Chemist: 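Sharing a structure below in structure tokens format, with a few things to ask.
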Amino acid sequence: MTQQSFFSETNEDERPYVKGELNRMIFHNESEHFSIASINVKETNESFEEKTLVIKGHFSPLEEGETYIFHGSFKDHKKFGKQYEVEMYNRVLPETKDGLILYLSSDLFHGIGKKTAERVVDTLGETAVTRILEDRDVLDQVPKLPNERADQLYEALKKHQGFEHVMIHLSQYGFGLKLSQKIYEAFKDQTLSIIEEDPYQLVFHVDGFGFHRADEMAQMQNLSYDHPTRIRAACLYVMQKSMSAGHVYLPTEECLLQVESLLNHGSGTAITFDQLSEQIIHLGEDKFLYIEDERLYLPSLYFAENGFRGHIERIMEEEVEVTHTQADLMKIIGDLEEEEAMSYGEDQFNAIEKALHSKLMILTGGPGTGKTTVIKGIIHTYAALNEETVNPEDYRGDKTFPFILAAPTGRAAKRMTESTGLPASTIHRLLGWDGHDSFERNRNNPLEGKLLIVDEFSMVDIWLANQLFRAVPNDMQVLLVGDEDQLPSVGPGQVLADLLASGQLPSSKLTEVYRQKEGSKIIQLAHEIKNDACTQASLQKEHDFNFIPAKEHQLADLVTSIVKKAMDKGIDAKDLQVLAPMYRTDVGIHKLNETIQQTVNPQKKQKRDLKHFEVTYRKGDKVIQLVNQPDDGVYNGDIGEVAAIFRAEENVDGVEQVVVDFDGKEVVYPKKELNSIMHAYCTSIHKSQGSEFSIVILPVVRSYRRMLRKNLLYTAITRSKQSLIICGDKDAFLEGVRATDTNTRYTRLKDKLQEQSAPEIEPEEEEEQLSPYDFM
Ligand SMILES: Nc1ncnc2c1ncn2[C@@H]1O[C@H](COP(=O)(O)OP(=O)(O)OP(=O)(O)O)[C@@H](O)[C@H]1O
């Protein structure tokens, strides 16, 4: 919906309208920009008698006592009766000179009395408001109006009218409401002048605004191809793209080459390396980039890498005071073994001992090597040695429970709770993330506890690692647990791999596989992949493993029929997961989701559905959350089920909605926010990190070739706990497990940890360098 003219005074045409004064705002949803209000009707060309009317639509909160003209149509709401659905509206300027004087001397304009308002209208006429908004300096003509008052009046008018004005103009560029709001937030009342003069500013100040879009806008304004601001925006854009590819920095040379190719593509004017270098230096001076030797960093990554390194060194500086003897330890572990009716392997025992003696330790190992068993051993031994208990109930009042357990995803945290019997949370929740750019827990308000254990640490990127470690107090012990052979984090860096490669931290690597002893072919296959020992013979059928050969054109039907059979046997959709590496091929994730949905949750007359672009959501669909939404308690990777679909007229927000049930927690998605979820009959292997499923079905075909790598396939198969069914091409699979990831990530963490001393990073600067990308 748009607001008509900025400040039109009359109803210019004969479209249906209702003119009314705001009686009260009934409801306003800030993010949706959706409002419901009650108005006192003053005039209308619609045929109805009522003196008050409920209106609804996408408009900002209206001002009490102000008069507006609304264009739209009547809708009968089942529950709430007749309502006016607003398509366009505009504020009605007081129509007489007296009205205008009253308006300007109202409470909206602090410090402007009746006399001053009269002088403004006498001097500037009845179009005073429009004239002032166009040019603040016209107020200088008003006699006896001090500069300060004039500024106040101008600011107040802009506040009341500016937002709407800017939004209308931005809609002309084809920007949606959300993006327009983001742009307005960045530039406020300077928005229009800034983007008309230099659209590349959008790349600098509006997160996620692409270079190509700004370039198109600039071309309409005839900005030259080698304009410095164009070159700078291209540099920044290349750096942002490199961050999305997982790099923490880019070598200057590589950045220059990429920027040159971006800028010179399709243009007649060649931009030279000298021109590029000059602008990179300016970007550095303006702190849009950090230049460290021959490396370029985005500020938030520069501070994250240096900050994390600094915190590691800070925590490692203090030593653990060991008050127990080896005999004490042996006794406690012996008792524990008796209680659990098992005995720890030598490397497991050593890992427990080392963790207890280390300020910060890394525990690694493949599946089934006993990482969880060791975590439990460490917790119990720590408690026994330090006169603590493992029962949170014993810690009420002032006493703080000594153990903090966390993981990067909700599902991994849930598994930690299940395996240890202790409370565990996501790292975001532990740190009190506000959903935007701040964390409750930081250096000034650190975590409380004695031993922090973080599982699935391979998934933690450099930003989150830094945020987490900022909140670790000097006297806390930390245990990081992960499988180094899994995929690196989705976000930038390869923190676990770098920490291990630096050799600066105590670490324990578990190699003996215990679950294999229980006869698991899945674990055996995982270790064969890890040790480069996977052959045709490894793919023989076993009680928990099968490789079903299939051609590409048979794949979707084959996968679907396996899913259907499993569900017919009563297996819960959540215990069963199809994993694939690519979204957009004929056998990609989207296609598989569509085919599986058609079979397991087909269209039915009595079943509600809602179409969103190419996808149709139906009650009962399995869906996955794609972004972190801490306010709703749902996080990237959470899996839920569509519980209900509501039509616009059935809810107070007046928009179509999908309600998703995440293990008993219901989250409502207005149609516009359906991008936050997708079908989850099949999900990406990357998204499955940190999750485990009873049954995994893994299609592997030649058309996935580009993605098939050892760590990807290893991650996929280690997600399955009871059964693994691979479908497709055995040769493609074997080639995939032999291919190592050659796309090394640019990170300096390992080298920095090996350097002697950390440079001081200005704390204030570090505080500021959070970007909305931080939590991709
Ligand atoms: N020393 C041991 N003696 C006997 N069984 C053991 C021993 N250590 C671990 N196990 C058993 O091996 C299995 C795997 O152990 P655990 O779950 O601790 O491994 P993990 O490394 O956490 O595995 P994953 O990463 O796959 O979850 C469990 O059933 C566990 O009870």
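Worth saying up front: this structure is predicted, and the values here are computed from it rather than measured. In listed order, ligands and their atoms are each counted from 1. One-based numbering along the sequence shown.
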Chemist: Ligand 1 versus Lys721, non-hydrogen atoms closer than 4.0 Å: side chain, backbone, both, neither?
Modeler: side chain
Chemist: Under 4.0 Å from a heavy atom of Glu692: which atoms of ligand 1 are those, numbered in the order shown and with their elements?
Modeler: 27 (O)
Chemist: Which atoms of ligand 1 are found less than 4.0 Å from any heavy atom of Thr369?
Modeler: 19 (O), 21 (O)
Chemist: Polar contacts were defined as any N/O atom of the residue lying under 3.5 Å from an N/O atom of the ligand; does this apply to Tyr344 and ligand 1?
Modeler: no
Chemist: For ligand 1, which atoms, with element, lie under 4.0 Å from some heavy atom of Gly345?
Modeler: 1 (N)
Chemist: Under 4.0 Å from a heavy atom of Gly366: give me the atoms of ligand 1 that qualify, with their elements.
Modeler: 21 (O)
Chemist: Could you tell me whether Ser419 approaches ligand 1 through its side chain, its backbone, both or neither, with non-hydrogen atoms closer than 4.0 Å?
Modeler: neither
Chemist: Any nitrogen or oxygen of Gly370, side chain or backbone, less than 3.5 Å from one on ligand 1?
Modeler: yes
Chemist: In plain terms, say whether Arg748 and Asp751 are close enough for a salt bridge, that is, a side-chain N and a carboxylate O under 4.0 Å apart.
Modeler: yes
Chemist: Is any NZ, NE, NH1 or NH2 atom of the basic residue among Lys530 and Glu484 found under 4.0 Å from an Asp or Glu carboxylate oxygen of the other?
Modeler: no
Chemist: Give yes or no for whether the N/O distance cutoff of 3.5 Å, strictly under, is met between Gln348 and ligand 1.
Modeler: yes
Chemist: Ile589 pairs by side chain to side chain contact (heavy atoms under 4.5 Å, CB included) with which of His679, Lys687, Met678?
Modeler: Met678
Chemist: Less than 4.0 Å between a side-chain N and a carboxylate O, is that true for Lys574 and Asp663?
Modeler: yes
Chemist: Distance under 6.0 Å and angle within 45° of the ring axis: does Lys450 meet both against Tyr382?
Modeler: no
Chemist: Is the shortest side-chain N to carboxylate O distance from Lys721 to Glu692 below 4.0 Å?
Modeler: yes
Chemist: Give a yes-or-no answer on whether the side chains of Gln348 and Lys371 include a donor-acceptor pair shorter than 3.5 Å.
Modeler: no
Chemist: Within the 4.0 Å heavy-atom shell around Ser343, which atoms of ligand 1 are there?
Modeler: 1 (N), 2 (C), 3 (N)
Chemist: I'd like to check which ligand 1 atoms, numbered from 1 as shown, lie under 4.0 Å from a non-hydrogen atom of Met342.
Modeler: 1 (N), 2 (C), 7 (C)
Chemist: Please determine whether any non-hydrogen atom of Lys376 lies less than 4.0 Å from an atom of ligand 1.
Modeler: no
Chemist: Identify whether NZ of Lys or CZ of Arg in Lys399 sits under 6.0 Å from the centre of the six-membered ring of Tyr395 and within 45° of that ring's axis.
Modeler: yes
Chemist: Heavy-atom distances under 4.0 Å are what count here, so tell me which part of Lys371 touches ligand 1: side chain, backbone, both or neither.
Modeler: both
Chemist: Just by distance, with hydrogens left out, do Ser723 and Asp544 show a side-chain donor and acceptor under 3.5 Å apart?
Modeler: no
Chemist: Based purely on interatomic distance, does Gly368 place a nitrogen or oxygen under 3.5 Å from a nitrogen or oxygen of ligand 1?
Modeler: yes
